[in-house]
Amino acid sequence: MQIITSISELRKLNTTTALVPTMGNLHAGHLSLIKQAKSVAEKVIVSIFVNPLQFAPTEDFTTYPRTFEQDCEQLEQIGVDLVFTPKITDIYPNGMDASTYVQVPNLSNILCGISRPIFFKGVITVVNILFNILQPNKALFGEKDYQQLFLIKRMVKDLFMPIEIIGMPIVRETDGLAMSSRNNYLTTEQRATAPILFQTINNIKQKLQAGERNFAELEQQTITKLITAGFTPDYFKIYRTDLIIPTPKDNKLVILAAANLGSTRLIDNCQVSSL
Ligand code: PAF
């Protein structure tokens, strides 16, 4: 396995690749993306870059878990060809404030974009930069970050980028909690409560499949349940899979939730298509 830290060294390579962009602290969710990447491309690149542009000053940029050595051991074992781990100054040579950025309008300002107004600007910009540097043919992202994946697909389409974006199913713990690096922040008590988020999503999925269509009431009931369970909900929404507010006739739906347990933000979602 080769590790490259400079863009000029990287430019000397010329291979067909799939990219799995990450912020490190790899778990089974990341590994599922990498396994799939290996099956759809000749060479697999994993980028590890904790992107400061997508964190608000109040968020966990400095404390975000950085486990480079362990990550590399896992990547070596799974047979990744190349790990790209640039410095902040490589990605933003003019400084973050002066750098060109990329933004997907409207859809960046709903759901997670309301409480995290700079998040998608940071994500879309860094993904764009990574695509330009690494020039992959394919890139893989987890469906846990449904809105992120949707916006990346939109950017690639809008900017005519010759890259296939592949979304991969959420990988869950045995009790249903969606895997995330931030799960490590949870106390024992919070960890025991955390699976309730997915349980409430499943519960609403069943109600939608049974034909219930009062979306606002279902959303509000669930918010109340989450508060009672100890969460501070950010949102619990039923949208069309294309992130438009649905009418009762729509049948391709996605349930999206974000809620805090203490200071840890959890997100999850589930698509409901067979009604
Ligand atoms: O999902 C993530 O880990 C990050 O948002 C990403 C896509 C690697 C961009 O920094």
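Residue indices begin at 1 and follow the sequence shown. Quick note: numbers below take in every heavy atom, side chains included, and nothing from hydrogens, waters or symmetry partners. Just follow the structure's listing: the first ligand is 1, and inside any ligand the first atom is 1.
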* Asked: What atoms of ligand 1 come within less than 4.0 Å of a heavy atom belonging to Q54?
  -> 4 (C), 5 (O), 9 (C), 10 (O)
* Asked: In the single-linkage hydrophobic clustering (I, L, V, M, F, W, Y; side-chain heavy atoms under 4.5 Å), do F49 and I3 co-cluster?
  -> no
* Output yes when the distance from some N or O of ligand 1 to some N or O of Q148 is under 3.5 Å, and no in every other case. => yes
* Answer side chain, backbone, both or neither: which part of I152 comes under 4.0 Å from ligand 1, heavy atoms only. => neither
* Electrostatic pair K153-D242, nearest N-O below 4.0 angstrom -> no
* **Nearest-contact summary for atom 3 (O) of ligand 1 - protein heavy atom, Å** => M23 CG, 3.7 Å
* Asked: Less than 4.0 Å between a side-chain N and a carboxylate O, is that true for D234 and R116?
  -> no
* Asked: When the ring planes of Y146 and F150 are compared, do they come out parallel, tilted or perpendicular, using 30° and 60° as the limits?
  -> parallel
* **Carboxylate-amine/guanidinium contact R265 E59, below 4.0 Å** => no
* Under 4.0 Å to a heavy atom of V126 - the qualifying atoms of ligand 1, by number -> 9 (C), 10 (O)
